[in-house]
Protein chains: 2
Amino acid sequence: MLKIQDVARHAGVSAATVSRVLNGRSTVNPELAARVHSAVRELGYRPNGVARNLRRRQTTLWAVLISDVGNPFFTSLVRGVEDGGRQFGYSVVLCNTDENRAREAEYIAVALADNMAGVIISPADDSTDISALVAAGTAVVTIDRELAETEVDAVLVDNEKGAEMATAHLLESGYRRIACITGPRRMSTAMRRLRGYQRALRAFGLPSDRSLVRHADFREEGGYSAMAALLDEGVEVDAVFAANNLMTVGAVECLTERGVAIPAQVGVIGFDDIPWARLFRPGLSTVRQPTYELGRAAAQLLADRIDNPAKPAARMVLQTELHPRESSSPRAC
Amino acid sequence: MLKIQDVARHAGVSAATVSRVLNGRSTVNPELAARVHSAVRELGYRPNGVARNLRRRQTTLWAVLISDVGNPFFTSLVRGVEDGGRQFGYSVVLCNTDENRAREAEYIAVALADNMAGVIISPADDSTDISALVAAGTAVVTIDRELAETEVDAVLVDNEKGAEMATAHLLESGYRRIACITGPRRMSTAMRRLRGYQRALRAFGLPSDRSLVRHADFREEGGYSAMAALLDEGVEVDAVFAANNLMTVGAVECLTERGVAIPAQVGVIGFDDIPWARLFRPGLSTVRQPTYELGRAAAQLLADRIDNPAKPAARMVLQTELHPRESSSPRAC
DNA sequence: GATTTCCGAGCAATCGATTTCCGAACCTGG
DNA sequence: CCAGGTTCGGAAATCGATTGCTCGGAAATC
C-alpha cells in the first residue's frame, strides 16, 4: 500500500504538507496543493484510516446496540441511523444484543477497545451500565429506552400517549373489556405503555381490572401465551392492546388458531407498525412509531455530541400515529 | 487511557512481555505471566485496538454490503453474518447500498481505508468492480449474487430450482397461464429465476409466452406496475410467479386493489419468504430461501478465507423450500 | 569445568498519518 | 533599509501495540 511519504516524494513536498492539503487544517501554497492533489490522483493514494485513527485518537465508527435487527422496529431504526451517520462520515457497526446483558457488555467493550466515536444504544434494561463509556468520554445516545442512572442524550417516542391513543380508539369503537399485553416491568417502555392504557380507561370512566393486564416479554411467544392465558382463565375480553409488534402477532396467532374471530369476537390493536400490516387477515390496526426518524434523530444527536461534548444532554420525544384498520372495526352493539 | 507501558511498569516487566502474555504468541515464564495478568486486572487495562490494528495491518471488522436491511431477505441474512462474525471475533459494519453503484464504491473505499479484514457483498450488478479489494488482498465473499469477472468465494441459493419448484407447484395446482415478474436483466438472480420458470413450463409441455414475462426492479412498485401492465394489456393470466418478496407484495396489492380475487381469479406465489406471510390475506405461498443460513455460511467462508488467503475459491449453493399457502390453492376446474 | 544449546526477556524498530515546533522567506510600515 | 510580523514548509515527535533481534543465563553435553 502507498504511504503518505510516497505521495510527498512524488509531489516534491514533505509528508506534512500532503497531510495538510488532504485535511485542510492549515493554509498551503495553492500551487503546492495542486501538485499534491495530482500526485494523489496519479498514484491512487488512499490514506490509511487506521494510522489516522491512532493519531487522532478517534475513529469514524459508531456502534449501534439494539436487541435484534430482525425486529422490524429496529430494522428501520438502524437504517435511519446508518443514513444519518453516513451524512456525517460515520460507519455503523451493527450489534445485536438480544436483550442480553452479557452481550451488551461485550459490545461496549469492543466499542471502547476500538475507540469508536460514539454509541447508540437501546439498553436491554434501565440499569444497563454505560459508565465505562462515559468514563472514556465516548459519546452515547440512548434510543427508544432511557437509563435510570446516567444522564445522556435520549431519543424517545411518546409511549404513554401512543398507548392512550390506541386504547381510546378501541373504546371509541365500542370495546369495553380491553386487555393489555405489555412488556416486562423492568423496561420503561413497557410501563409507560401500560400507563397510557390505564389513563385512557380512566378518562373513559372505566375501572382498571388487574386480570386484564399481562406482562410478557415483548416477543412473539410471549404475546401468544399471554393471549392464551387470558382465554384459558376465562377472563372476559372483547379487545386486546398489545404493547409491541411481535406480541401483537403472537396474540393474533393465538386468536386465529383458536378460532376467535377478529374483530367480531375480539378486537386487536398493536403498538409498533408491522411491515405490510394492511395485507394481514384482518388488516392489523397499529400505532406507528416513527422508527426511521428515531434513527435519524439519534444520529444527529450523536454527531452533535461528538462535536460538542460539553453541551447539556438533550431529550427528544417523537410522536406516534394511529393507523386504524379492520382488526379494530367499530363493534356492532 | 492506560497504555501497555503502565501495565509493564506495574508488573515489573517490559512492554514486550505484557504483549506476549496477552497475545500468547510466545512462551513466557508462568510467574511473570501471572504478575502481568493481575496487573491487567488491577489497573483495568484494555489494549488499544487501533494501535494493534495499525501494527498488525488488519482489523477485526467486516463490511457487509447489501442493498437494504429493510428488505426482510437481507435483514435475516445480515443477522446471520453478524452471529457468524461474532463467533470468530469480528464486528460487522452495515453498508446499505440501495443497489447504487456509487454508494457501493464509496463503501468499498471505506473498507479499504479502514483496513477491514473482509467484505461480504451482494453486488448491485454483475459487473460491480471489486478489483481494488482484490488488489489490496482484502478477503471478499459474494452472497446471493455472483460476479462475472472476478473469481471469489460465493454463497448462493439454487435460484433456478427454486423458481422451477414454484412454477411447477402452480402448474400442479391447475394454473396454466402463469405470468412471471422477474428482476432486471443485468442481475444473475433475476435471469436464473426466469430460467427456472421457463424450465418448469417446458417440462410441463407448455409453450413459453413472451407476453407473460415481465422484468421489473425487485421493488414493491415494480411488482405493482408489472402486475398492472399485465392486467391493463388484457393478457390472459391465471397465476403469477413473482421473483422476490417485495414484488410479490406489490403484485398482491395491485390485484387486491383491482378486486381480482386471489387465488380464485389469479393464483400467486413469490420467491423469498415474507415475515408472517401466513397471516396475510390470503396466506401467501412462497419459496423460502435460507437467508439466515446464507449469512452464516458467508461468515464461515470469509473467516476461512482470511485465515487462508491462498485456498481456492469456494462456491456454496443452498437449497430453497416450498411453502404453499392459500394464495396458490388448487384451482377448481 | 568448559562449551554448546536453548529459552525467554527486553530493547528498539515498526506500522502510517498527524501535528507541534522551528526556522526560512516574505511582507509591511516607519 | 531594517525591525517586527506573518505565512508556510519540513523535521521530528507522537499515537500505542507488536515483533525481530540480541543477549544473558540456565540447562545440557562432553
Side-chain angles (χ1 to χ4, degrees), chain A residues 1-37 39-40 43-61 89 109-110 112-117 136-138, chain B residues 1-37 39-40 43-61 89 109-110 112-117 136-138:
Chain A
M1 211 67 233
L2 247 39
K3 336 200 312 182
I4 201 169
Q5 275 296 351
D6 303 320
V7 178
R9 206 172 5 253
H10 195 265
V13 298
S14 78
T17 301
V18 176
S19 171
R20 278 191 281 255
V21 169
L22 262 37
N23 297 294
R25 301 259 189 226
S26 152
T27 46
V28 172
N29 184 322
E31 197 225 325
L32 289 195
R35 289 222 310 266
V36 168
H37 277 126
V40 167
L43 299 174
Y45 167 73
R46 202 190 301 283
N48 180 322
V50 177
R52 160 179 301 164
N53 291 341
L54 176 59
R55 177 64 224 218
R56 293 223 179 122
R57 317 165 114 239
Q58 170 92 266
T59 65
T60 53
L61 288 176
V110 171
L112 242 24
D114 281 358
N115 257 316
M116 300 203 189
T138 304
Chain B
M1 212 69 233
L2 246 41
K3 335 199 313 182
I4 200 169
Q5 274 296 352
D6 303 320
V7 178
R9 203 168 11 246
H10 194 264
V13 297
S14 78
T17 301
V18 175
S19 171
R20 280 190 278 254
V21 170
L22 262 36
N23 296 296
R25 302 262 188 221
S26 151
T27 44
V28 173
N29 182 324
E31 198 225 323
L32 288 195
R35 288 216 317 259
V36 168
H37 277 126
V40 166
L43 299 173
Y45 168 74
R46 201 190 300 284
N48 180 321
V50 177
R52 161 181 301 164
N53 291 341
L54 176 59
R55 177 65 227 219
R56 292 221 181 122
R57 312 158 125 252
Q58 170 93 264
T59 65
T60 53
L61 289 175
V110 171
L112 242 22
D114 282 359
N115 257 315
M116 299 202 188
T138 303

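In what follows, chains are A, B, ... by sequence order, proteins preceding strands, each numbered from 1.
- Taking 4.5 Å as the limit, every side-chain heavy atom of B:L2 sits out of range of all side-chain heavy atoms of B:R46.
- In this structure, B:R55 does not reach the C:dT14 phosphate: none of its side-chain N or O atoms is under 4.0 Å from OP1 or OP2.
- Between A:Q5 and A:A15, the closest heavy-atom pair is NE2-CB, 3.8 Å.
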Please list each protein N or O that sits under 3.5 Å from an N or O in nucleotides 5-9 of chain C, with the distance.
residue: C:dG8; atom: OP2; partner: B:T27; partner atom: OG1; Å: 2.4
residue: C:dA9; atom: OP1; partner: B:N29; partner atom: N; Å: 3.0

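- A side-chain hydrogen bond (donor to acceptor under 3.5 Å, both in side chains) with B:D6 is found for exactly one of B:H10, B:R9, B:K3, namely B:R9.
- Listed by chain and residue number, A:V7, A:L22, A:V36, A:Y45 satisfy the side-chain contact (heavy atoms from CB on, under 4.5 Å) test with A:V40 (two or more places apart in sequence, or in another chain).
- First and last contacting nucleotides of DNA chain D toward chain B (any atom under 4.0 angstrom from a heavy atom, 5' to 3' order): D:dG16 to D:dG20.
- Inter-residue side-chain proximity for A:V18 and A:V13 is flagged as met; some heavy-atom pair is nearer than 4.5 Å.
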Let me see the working for A:N115 and B:N48 under side chain to side chain contact (heavy atoms under 4.5 Å, CB included), right down to the final yes or no. CA-CA 8 Å; A:N115 257 316; B:N48 180 321; 3.5 Å; yes
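- Contacts between residues 3-12 of chain A and DNA chain C, counted as heavy-atom distances below 4.0 Å, involve A:K3, A:I4.
- Computed from coordinates, the A:R56 CZ to C:dT19 C1' distance equals 10 Å when rounded to whole Å.
- Within the 4.5 Å cutoff, no side-chain heavy atoms of B:P47 are placed close to those of B:I4.
- Base-pairing analysis of DNA chain D finds the following stems of at least three consecutive Watson-Crick or G-U pairs, with both pairing distances under 3.5 Å: C:1-30 with D:1-30.
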Which pairs of donor and acceptor atoms, one on a side chain in residues 50-58 of chain B, lie under 3.5 Å apart (sequence neighbours left out)?
residue: B:N53; atom: ND2; partner: B:G49; partner atom: O; Å: 3.2
residue: B:R56; atom: NH2; partner: B:N23; partner atom: OD1; Å: 3.1

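- Across all non-hydrogen atoms, the minimal contact from B:T59 to B:M116 is OG1-CA, 3.3 Å.
- Judged purely by atom type and a 3.5 angstrom limit, B:N29 uses its side chain to pair as donor or acceptor with the backbone of B:E31.
- At the heavy-atom level, B:N23 lies under 4.0 Å from the strands shown only through sugar-phosphate atoms.
- Side-chain contact between A:V110 and B:T60 is absent, with no heavy atoms from C-beta onward closer than 4.5 Å.
- Closest approach of A:V21 and A:A33 over heavy atoms only: CG2-CA, 3.9 Å.
- Between the CG atom of A:N115 and the C1' atom of C:dA17 there is a distance of 15 Å, given to the nearest Å.
- Of all the heavy atoms in A:A8 and A:S14, the pair that sits closest is CB-C, 3.6 Å.
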